[in-house]
Amino acid sequence: MASDFEILGSNARMILDSRGNPTVECEIYLSYAMGRCSAPSGASTGKAEAVAFPEGGAARSIEFFNEKVKRSVIGFNSLDQSGFDNMLRDIDGTDNFSRMGGNLATALSMACAKAVSNAMGIPLYRYVGGMLLSVPRPLGNVIGGGKHARNGTTIQEFMVSAEGSSFLDSILVNSKVHRRIGELLQDRLKGQAIGMGDERAWAVSMKDDEAIDVIIQAAKEVSTETKTKVGVASDFAASSYYKDGKYHYHDRSLTQDEQIDFSISLIKERGFFLLEDPMDEVDFDGFASITSSVGNRAVIVGDDLYTTRSDLIRKGITKKSTNAVLIKVNQVGTLSQAAEAVETTRLAGWKSVISHRSGETTDDFIAHLAVGFRADMIKSGTVGGERLAKLNEVVRIQEDLIS
Ligand code: PGA
Ligand code: ZN
């Protein structure tokens, strides 16, 4: 007789992400429950991350699923998450999921975990985290450019993170900063159009230094108005404008040393509490110079530097490159590898930030992972349905934990 946790079937289909690009959604069926998950896509991807789709795109992933995966998962014990993930890697046969696509792997891996939690009758965050759970702090993008917007700043993201009395309070304050920035930009750029990037951060044609002034002013004003501490942060995504040994901004080019000094000055002189990817994605030493200079004063996060890979995180730990890691499941392709990355990060005493991608779906699994993995922060924008799908789910989870 089949156990309640034996996989009886699976399904994969193409759906669209928030940019209107195809991605994949999968289902795993058990006797009395099923799990469904869709995977997001990045625009500023790290070189070492899993390939989101094989040649031929999402359509080829679905074909691959029908040819090689659909029958293989039948009869597998869904409680064995790492066994399931290893099976996906074996079926793919490459080290970066370039045959099935990291997004198909992510959707299947997450769908398996969701099916189990549904069969157990517990929320996904409890299945992932067991007894040890915590509510993260929200980190949201409010002005940006880079690969997320045409005509925006060179720096990809300027973010805020309010420390409210509850998660709901914090995201409300973050969204007030977003609104205030819209007003400030309107005043500054009289008559000029103001756009939004892929993550719904404001995107306008202005120098990075001006954007820094605007975010600091808005954060200060909203902080005073709401009596809430609001931290200011940035994801440089520096690899996207690093070329031939220099960091190319709209109005200047910086050497490695100058980029390090600029990063440190944002923390020491402008009060930024967090910087993500301030240096090129292979410059472990450049990152380390920033981290050693700012010490515990700020959170230095590696995203493209690590691409959620434990081997690269371990390299960063040895070199003291950062003191935090960004976690995106589809950078490695499976839930168990992402869990391992979080564990490696925690053992080093570092912070973890669970993150959305710029091309998102309305799937809310990162809300559950942030709580179950006890991440320090969840990075999922400030406004927009696909961003709030995650943030509002954390609001529900917090209510569930308190009651
Ligand atoms: P993405 O980038 O476009 O690859 O999702 C987001 C980020 O750099 O954090
Ligand atoms: Zn990033």
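Just so we're clear, the structure is a prediction, and the values are computed from it rather than from any experiment. In each ligand, atom 1 is the first atom listed, and ligand 1 is the first ligand listed.
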Please list, in number order, the atoms of ligand 1 under 4.0 Å from a heavy atom of [X].
X    : value
E276 : 9 (O)
A43  : 1 (P), 3 (O), 4 (O)
D303 : 7 (C), 8 (O), 9 (O)
E157 : 6 (C), 7 (C), 9 (O)
D235 : 7 (C), 8 (O), 9 (O)
R357 : 1 (P), 4 (O), 5 (O)
K379 : 7 (C), 9 (O)

Nearest N/O/S atom of [X] with respect to the Zn ion (ligand 2), by atom name, please.
X    : value
D235 : OD2
D303 : OD2
E276 : OE2

Flag yes if more than 12 heavy atoms outside [X] fall under 6.0 Å of its [atom1] atom; otherwise flag no.
X    : atom1 : result
E67  : CD    : yes
R252 : CZ    : yes
E399 : CD    : no
K70  : NZ    : yes
R71  : CZ    : no

Exercise. Apply salt bridge (Lys or Arg N to Asp or Glu O under 4.0 Å) to the pair R180 and E183, showing each step before the final yes or no.
Key: CA-CA 5 Å; R180 184 69 193 126; E183 291 161 0; 2.8 Å; yes
Quiz prompt | Passing candidate, side-chain hydrogen bond (donor to acceptor under 3.5 Å, both in side chains) with T308, options K328, E49, Q331 | solution = Q331
Pick one of side chain, backbone, both or neither for how [X] approaches ligand 1, counting any non-hydrogen atom pair under 4.0 Å.
X    : result
K147 : neither
D198 : neither
D304 : neither
S44  : both

Quiz item: Among protein heavy atoms, which lies nearest atom 8 (O) of ligand 1, and at what distance?
Solution: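 For atom 8 (O) of ligand 1, the nearest protein heavy atom comes out as Q156 NE2, 2.9 Å.
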Quiz item: So which heavy atom in the protein is nearest atom 5 (O) of ligand 1, and how far is it from that ligand atom?
Solution: S358 N, 2.8 Å
Quiz item: Mind checking whether R19 has an N or O less than 3.5 Å away from an N or O of ligand 1?
Solution: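 No; the residue has no nitrogen or oxygen that sits under 3.5 Å from a nitrogen or oxygen of the ligand.
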Quiz item: Would you say S41 and ligand 1 have an N/O pair spaced under 3.5 Å apart?
Solution: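 There is no such contact.
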Exercise. Give, for atom CE of M87 and atom CG of D92, the distance between the pair rounded to the nearest 0.5 Å.
Key: 13.0 Å
Self-check item: Identified salt bridge (charged side-chain N to carboxylate O under 4.0 Å, His left out) partner of D198 from the options R19, R357, K147
Solution: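 Option passing the salt bridge (charged side-chain N to carboxylate O under 4.0 Å, His left out) with D198: R19.
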Quiz prompt | Nearest neighbour of atom 7 (C) of ligand 1 from the list H356, Q331, K328, on a heavy-atom basis | solution = K328
Exercise. On the 0 to 90° scale, with breaks at 30° and 60°, tag the Y249-F262 ring pair as parallel, tilted or perpendicular.
Key: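 Y249 and F262: perpendicular rings.
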Quiz item: Mind checking whether F84 and F76 have parallel, tilted or perpendicular rings, split at 30° and 60°?
Solution: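 The arrangement is perpendicular - the two ring planes meet at more than 60°.
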Quiz item: Does a donor on one side chain and an acceptor on the other come within less than 3.5 Å for S41 and N103?
Solution: yes
